[in-house]
Amino acid sequence: MTGALDAAVGAASAPASALVSVLASGTAAASAVDVLTTRHAYVAFALLLCIGLYMMIANPNLVKKIIGLNLFQTAIFLLFITSAYVEGGAIPIISEGAAETQTFVSPLPHVIVLTAIVVGVSLTAVGLALCIRIYDEYGTLRTDVLRDLLRDEGSLPERPALGGAGAGGTPADESAVADGGETDE
């Protein structure tokens with residue numbers, strides 16, 4: 001058993017030592033720079049995806065959240081189109097008498113992206129229409145202010161108390177427990 005453990009440790013340390021020697025020689029840094037300079041679309045995809053996701057999560061303004069959603073969608077479209085690229089590929093129209101050994105590009109990712117663009121524009125229009133209605137009703141587009149307004153209005157339940165809470169997150173009412181859970185409200 002000890003021999004198998006030593007072999008496993010030796011095998012695990014071999015890639016680690018190879019990684020250290022690659023990093024020391026600068027080959028990994030050169031390959032990272034090579035990827036960044038040759039794969040522009042994938043770098044743009046990662047940037048758009050991260051920026052869009054950050055805008056959707058961190059921004060309290062609803063319109064800016066919709067803009068972040070559009071950036072996120074654009075990143076996905078770019079990924080689909082980039083992954084469909086074929087070096088030396090031709091359009092998939094085969095004329096009579098042509099050789100069928102040629103490399104063709106699949107039109108399916110392009111069709112999917114075209115459909116997704118239409119759905120994305122529709123989603124943006126509905127989201128902006130809802131933002132207009134929310135602004136007309138409440139006078140703000142900030143999610144934190146909207147949440148407070150809805151709690152004051154009674155549309156959202158109050159936040160549960162952190163200490164001394166019952167099973168539902170609210171302080172236990174002794175008369176409700178005595179009645180079998182029913183209240184006079």
Side-chain angles (χ1 to χ4, degrees), residues 19 23 28-29 31-33 35-86 105-185:
L19 178 63
L23 289 176
S31 66
V33 170
V35 166
L36 289 176
T37 57
T38 58
R39 308 285 186 192
H40 302 81
Y42 291 110
V43 173
F45 157 73
L47 285 174
L48 285 172
L49 191 81
C50 291
I51 292 170
L53 187 62
Y54 177 77
M55 284 181 71
M56 286 190 299
I57 293 173
N59 210 318
N61 190 317
L62 291 176
V63 174
K64 291 180 182 177
K65 285 181 182 282
I66 292 173
I67 292 170
L69 178 69
N70 285 329
L71 283 174
F72 192 88
Q73 287 175 344
T74 302
I76 300 300
F77 302 158
L78 182 63
L79 177 68
F80 268 77
I81 296 298
T82 302
S83 63
Y85 177 74
V86 176
V105 177
S106 173
L108 187 62
H110 300 88
V111 171
I112 290 172
V113 168
L114 186 60
T115 305
I117 288 171
V118 172
V119 171
V121 169
S122 301
L123 182 67
T124 302
V126 169
L128 290 175
L130 284 173
C131 285
I132 290 171
R133 291 283 295 141
I134 289 170
Y135 188 78
D136 288 344
E137 182 73 25
Y138 298 104
T140 186
L141 291 175
R142 291 183 54 92
T143 54
D144 51 351
V145 175
L146 284 170
R147 191 174 300 118
D148 291 339
L149 288 172
L150 289 173
R151 279 202 181 99
D152 292 343
E153 186 180 272
S155 299
L156 285 179
E158 292 294 321
R159 288 187 175 166
L162 293 178
T170 58
D173 186 13
E174 294 171 6
S175 64
V177 173
D179 291 328
E182 297 179 13
T183 60
D184 294 333
E185 296 179 60

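Side-chain atoms of Thr82 and Phe45, non-hydrogen and from C-beta on, never get closer than 4.5 Å to each other. Considering only heavy atoms from C-beta on, Leu79 comes within 4.5 Å of Tyr42 through its side chain. Using a 4.5 Å heavy-atom cutoff, the side chains of Tyr85 and Val105 are not in contact. Using a 4.5 Å heavy-atom threshold, the side chains of Arg133 and Tyr138 count as separate. Taking 4.5 Å as the limit, some side-chain heavy atom of Leu123 sits within range of a side-chain heavy atom of Gln73. Between Leu49 and Ile76, the closest side-chain pair of non-hydrogen atoms falls below 4.5 Å.
Among all heavy-atom pairs drawn from Met55 and Leu71, the shortest one is SD-CD1, 3.8 Å. Across all their heavy atoms, Pro109 and Ile81 have their closest contact at O-CD1, 4.5 Å.
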Applying side chain to side chain contact (heavy atoms under 4.5 Å, CB included) to Ile117 and Phe77, what does each step give before you reach the verdict?
CA-CA 8 Å; Ile117 288 171; Phe77 302 158; 3.6 Å; yes
Apply side chain to side chain contact (heavy atoms under 4.5 Å, CB included) to the pair Lys65 and Thr143, showing each step before the final yes or no.
CA-CA 10 Å; Lys65 285 181 182 282; Thr143 54; 3.8 Å; yes
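With rounding to the nearest 0.5 Å, the separation of CD1 in Ile66 from CG in Asn59 is 11.5 Å. In this structure, Leu141 CG and Leu130 CG are separated by 11.0 Å, a value rounded to the nearest 0.5 Å. Of the inter-residue distances, the one linking Leu149 atom CG with Glu137 atom CD reads 10.0 Å to the nearest 0.5 angstrom. The distance from atom SG of Cys131 to atom CG of Asp136, rounded to the nearest 0.5 Å, is 11.0 Å. Leu48 contributes atom CG, which lies 11.5 Å from atom CG of Asn70 (distance to the nearest 0.5 angstrom). Rounded to the nearest 0.5 Å, atoms CZ (Arg142) and CG (Asn61) are 7.5 Å apart.
Applying side chain to side chain contact (heavy atoms under 4.5 Å, CB included) to Leu62 and the options Leu128, Ile67, Thr140, Leu146 leaves one that passes, Leu146.
The environment of Arg151 atom CZ is dense: over 12 non-hydrogen atoms of other residues, nucleotides or ligands sit within 6.0 angstrom.
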